Each structure stands twice: as structure tokens, then as C-alpha cells.
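As the structure is a prediction and not an experimental result, all values here were calculated from the model.
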Amino acid sequence: RNWLTDFKYEDGAWLVKKTGHRVPATRELVNDIFTWLTFYTLAQSWRSWRRITGHKRPTIAFYPEKPRPWYFIWPVMHASGAKLISDSSVADIVFQFDDSTTVNHVAPKTKPGAKLVNFDCQ
């Protein structure tokens with residue numbers, strides 16, 4: 001899925017469809033996007049280097065939805081060398097992610113020994 005479809009431009013601002021937040025289209029926003037792209041590129045480069053050098057990759061599944069690349073967990077996941085998978089029942093790490101004010105904290109079915117992250121947040 002193309003995460004750029006999460007936004008809609010209207011009336012001089014970018015609408016974040018998930019949250020309803022409107023971000024004014026300003027030079028500051030362009031600067032923020034450039035800064036994020038720089039950070040994202042460095043994180044991707046680090047991930048590639050770790051893969052080339054043979055780092056063991058843990059698997060991680062996000063539940064109930066996968067975060068978009070602008071969330072900090074994305075570059076952290078890449079820096080750790082984790083492999084993103086969709087099936088939480090076989091992942092080494094299952095991370096609860098939902099960009100909502102309230103969420104269901106019930107964990108999905110996981111394999112024995114899987115690490116659960118963010119499920120007890122209030």
C-alpha cells in the first residue's frame with residue numbers, strides 16, 4: 001500500500017486522513033520533510049550495512065496496523081536490522097501500533113517466546 005495516500009491536499013494544507021489533523025503547507029513543512037528524508041535515508045543505509053555484514057535479523061510484526069515511515073519506530077526497526085513480516089503468529093517481536101487515542105490492548109496469537117511491545121500502554 002502506498003502510504004502517500006494517507007494524505008490529501010486541500011485549502012492550503014495537508015490533511016492526515018487517519019487523524020483528521022491539518023498540516024499547513026509552509027516552508028517549515030518542506031524543511032521538516034527534508035530533515036525526515038535525510039534521517040530515513042541514513043537509517044536505510046545503516047540497515048543495508050548490517051544486512052551486508054551478516055547481522056541476524058529478528059522478525060517483527062505490527063498489530064493491528066503497520067506504522068508509516070515517519071514514525072520513529074520505523075528507523076529504529078531498520079537500524080536493528082529487523083525483518084518486517086505480516087503474520088504476528090510467527091514473529092519474534094509483536095509491536096502494538098495504532099495511531100488512535102484509544103485502542104484494543106488484546107494481543108494477537110503469538111509463537112512461544114515472542115516479545116510483546118506496547119500492549120500494556122494506557
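Arg22 places a side-chain N or O within 3.5 Å of a backbone atom of Glu10 that can act as its donor or acceptor partner. A donor-acceptor pair under 3.5 Å links the side-chain atoms of Thr59 to the main chain of Asp92, judged by distance alone. Proximity of a side-chain donor or acceptor of Trp36 to a complementary backbone N or O of Pro69 within less than 3.5 Å is detected. Panel note: side chain Arg68, backbone Lys66; a donor-acceptor pair is recorded below 3.5 Å.
Connection of Leu84 to Val90 is not established within any shared hydrophobic cluster, with ILVMFWY side chains joined at heavy-atom distances below 4.5 Å, either directly or through further cluster members. By the rule that hydrophobic residues join a cluster once side-chain heavy atoms approach within less than 4.5 Å of another member, Val16 and Tyr9 end up as members of one cluster. The hydrophobic cluster containing Trp46 does not contain Phe72, counting ILVMFWY residues as joined when their side-chain heavy atoms lie under 4.5 angstrom apart, directly or transitively. Cluster membership for Leu29 and Leu4, using ILVMFWY side-chain heavy atoms within less than 4.5 angstrom, is shared. Ile85 and Trp74 are assigned to two separate hydrophobic clusters, defined by single-linkage of ILVMFWY side chains at heavy-atom distances under 4.5 Å.
Remark: Leu37 CG to Gln44 CD distance equals 11.0 Å, nearest 0.5 Å. Interatomic distance, Asp6 CG to Leu15 CG, rounded to the nearest 0.5 Å: 10.5 Å. The CD1 atom of Ile73 sits 5.5 Å away from atom CD1 of Ile60, with the distance rounded to the nearest 0.5 Å. Interatomic distance, OG1 of Thr26 versus CG of Asp32, reported as 7.5 Å (0.5 Å rounding).
In this structure, Tyr63 and Val106 approach most closely via the heavy-atom pair CE2-O, 3.6 Å. For Ala13 against Pro24, the heavy-atom pair with the smallest separation is CB-CA, 4.0 Å. Among all heavy-atom pairs drawn from Ser88 and Ala61, the shortest one is CA-CB, 3.7 Å. In terms of heavy atoms, Val94 sits closest to Phe119 at O-CE1, 3.5 Å. Smallest separation of non-hydrogen atoms from Gln96 and Pro64: CG-CD, 4.5 Å. Nearest heavy-atom pair, Phe7 versus Lys17, reported as atom, atom and distance to 0.1 Å: O-CE, 3.8 Å.
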Start with the C-alpha distance between Phe95 and Met77, add both sets of side-chain angles, then the distance that settles side chain to side chain contact (heavy atoms under 4.5 Å, CB included), and finish with yes or no.
CA-CA 11 Å; Phe95 190 113; Met77 179 187 71; over 6 Å; no

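Within a 6.0 Å sphere centred on NZ of Lys18, heavy atoms belonging to other residues, nucleotides or ligands number more than 12. Within 6.0 Å of the NZ atom in Lys83, the count of heavy atoms belonging to other residues, nucleotides or ligands does not exceed 12.
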